[in-house]
Amino acid sequence: MNDESRAKAPSNFIRQIVDRDLAAGKNDGRVHTRFPPEPNGYLHVGHAKSICLNFGLAEDYGGKCNLRFDDTNPDKESVEYTESIQEDVHWLGFDWEDRLFFASDYFDQLYEYAEILIRDGKAYVDSLTAEQIREYRGTLSEPGRDSPYRDRPVEENLDLFRRMRAGEFAEGEHVLRAKIDMASPNINMRDPAIYRIKHKPHHRTDDKWCIYPMYDYTHCLSDAIEGVTHSLCTLEFEDHRALYDWFLEQLPVPSRPEQTEFARLNLDYTITSKRKLNELVTEGHVAGWDDPRMPTIIGMRRRGFTPAAIRDFCERIGMTKNDTRIDMAVLETCTREDLDRTAPRAMAVLNPLKVVIENYPEDESETLEAVNHPYDESQGRRQVPFGREIYIERDDFMEDPPKKFFRLGPGREVRLRYAYFITCTDVIKDDNGEVVELRCSYDPATRGGDAPDGRKVKGTIHWVSAEHAVPAEVRLYDRLFTVPKPEADKERDWKSFINPDACVVMDKALLEPALALAPAEKRYQFERLGYFCADRKDHAREHPVFNRIVTLRDSWAKANKG
RNA sequence: UGGGGCGUAGCCAAGCGGUUAAGGCACUGGGUUUUGAUCCCAGCAUUCCCAGGUUCGAAUCCUGGCGCCCCAGCCA
């Protein structure tokens, strides 16, 4: 991976906390984080923010970051997801070395801890139904009531809990609860469930267990077991911190991690909810988790976004507790900046219009030299074939152009990039009055693109040689939704805002020959159009397929809008 | 209505009692250019949710409002 030297991330409130802890000599000067996904879906940009935070922090402070799967719910989890998540984290440029962990690795220890809680009178087996537990819990403004089973003797609790583990009960029959405070204003402290019965095989422990620990109980203990110092999570867990601390205080844990919360990422014109992304996939609104319209890591990768751009993006958006939404332009800028530096240039015509250069000798062709990158000489040069018949972009011709249109029009002269000046001499139309072909003349003295007499042209357009061009499919991607906050509308279903034009297929596109040789996932700038990436699944020598990652900035289009 | 958070420009975000209130994105002008790209240069908050108060001095401290987000899974 081309990594360059990664600049140290700007400071933020979390780094200030780490600095303060270090200065106070906390944790023996260790900084240890973890990225803890549940393997119940694919990772998305929101996760990228967390990954960059956790791994980036460890990197910058000479610490460590674990990858730990929070796999406590076999109903939703699978190995498919554990594998894709590992691939995505690696692709983003981070490495957990030998620290790949699973919460399920700790099931034995977690069970022992639960027995300790029971013996200490701090947990009990409740036999209320789920429905009843909900009723007993109270509401936001009223306290809950104690379960009638709350004061079961320790021995009975122990016996019941062991029989739960042994599989003697059906799902829902009993649940192990922490005994805290049913009147707590913090609902999470009203005797939360810590173990529930699930007669389901687990993707790692198979059928060893039929009781599974809950998130709140598992997470803090897993952090403590791993020696995590700074447990970073999103804002919705802020209320859970009291519980996180409670378990750590009750149990003889080997270390004392501290939870800090930050705001999750909201990106305009897309969604970052695993549940909703899953819905898009299962209902067929997109072609899969890796659909280039998806804000999943795998989708963004397929679209062509680079790891460096995504990392840069995560740095630029900041790290605070503010509930924010980020303008898509930030991601686009990061992507353009990275690709402008790195992507070789090439010419492709998306919507071809034939041009015949009438004074160019028949049955002849030649080869012209083009640079692969305007300011990175090391990318070298290439030969581009040229001939009497070429194709240009339809948008680069106007029959009755305004004064400021610096492209082709009847009688106008433009430069063909790396080639010649041409002048449009005639416009050929079909029966419907549609322009089907242009007749032009060229100036042989302008070979390479400069006029010896010093005359200038305002415009330079791209082109491909008709004889040599390679047909291709080019997919133009755009934002997934038509509105910035598809989830915000109370009346309309968020799915009704799916952008029908988020993928426009140009199946008559023509490439300069060099492009057909591109390997999958190779990125280019198609001059004057944007950045494109050879599709990692569908691209082939015989049938090139390119995805548009992002357009070039286009001040002409902008000036003509509205 | 109980609890937990948040509020600095169109969007992010520094700021931690004394600064002309950083920086980025977006936007607007101008220059360079064989990509209407890139690059360069300039502009863009007399004011920090509001109102009081403390202070020689407040975005920063205090008090009271207002607005927004999260929590009532045997999900994470």
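Keep in mind that what you see is a predicted model, and the values were worked out from it rather than measured. In what follows, chains are A, B, ... by sequence order, proteins preceding strands, each numbered from 1. Both backbone and side-chain heavy atoms feed into the values below; hydrogens, waters and symmetry mates do not.
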Practice prompt. May I have the distance from A:M328 (atom CE) to B:C12 (atom C1'), rounded to whole angstrom?
Written response: 15 Å
[N] and [M]: how far apart are their [atom1] atoms, nearest whole angstrom?
N     : M     : atom1 : value
B:C25 : B:C39 : P     : 9 Å
B:U20 : B:G3  : P     : 42 Å
B:G7  : B:U60 : C1'   : 14 Å
B:G23 : B:G15 : C1'   : 12 Å

Item to complete: Using modelled atom types only, decide if a donor and an acceptor are shared between the side chain of A:T33 and the backbone of A:N54 within a distance under 3.5 Å.
Response: yes
Worksheet item: Using a cut-off of 4.0 Å between protein heavy atoms and nucleotide atoms, how would you tag nucleotides 36-44 of chain B 5' to 3' with B, S and -?
Response: BSS------
Worksheet item: Quick one: what's the B/S/- string for nucleotides 69-76 of chain B, heavy-atom cutoff under 4.0 Å, read 5' to 3'?
Response: SBBBSBBB
Taking only side-chain N and O atoms of [X], does any of them lie within less than 4.0 angstrom of OP1 or OP2 on [N]?
X      : N     : result
A:T333 : B:C25 : no
A:K558 : B:C27 : yes
A:Q16  : B:A14 : no

Fill in: NZ/NE/NH1/NH2 to OD/OE distance under 4.0 Å, A:D223 and A:R68
yes
Practice prompt. Output yes when A:R241 and A:D216 qualify as a salt bridge under the 4.0 Å nitrogen-oxygen rule, no when they do not.
Written response: no
Hey, can you pull the donor-acceptor pairs under 3.5 Å for the side chains in residues 140-148 of chain A, sequence neighbours left out?
residue	atom	partner	partner atom	Å
A:S147	OG	A:D126	OD1	2.7
A:S147	OG	A:D126	OD2	3.2
A:S147	OG	A:Y149	N	3.1

Fill in: Whichever of A:A419 and A:N322 has its nearest RNA chain B nucleotide further upstream toward 5'
A:N322
Would you say the side chains of [X] and [Y] form a donor-acceptor pair under 3.5 Å?
X      : Y      : value
A:H219 : A:R34  : yes
A:D88  : A:S84  : no
A:Q259 : A:Y244 : no

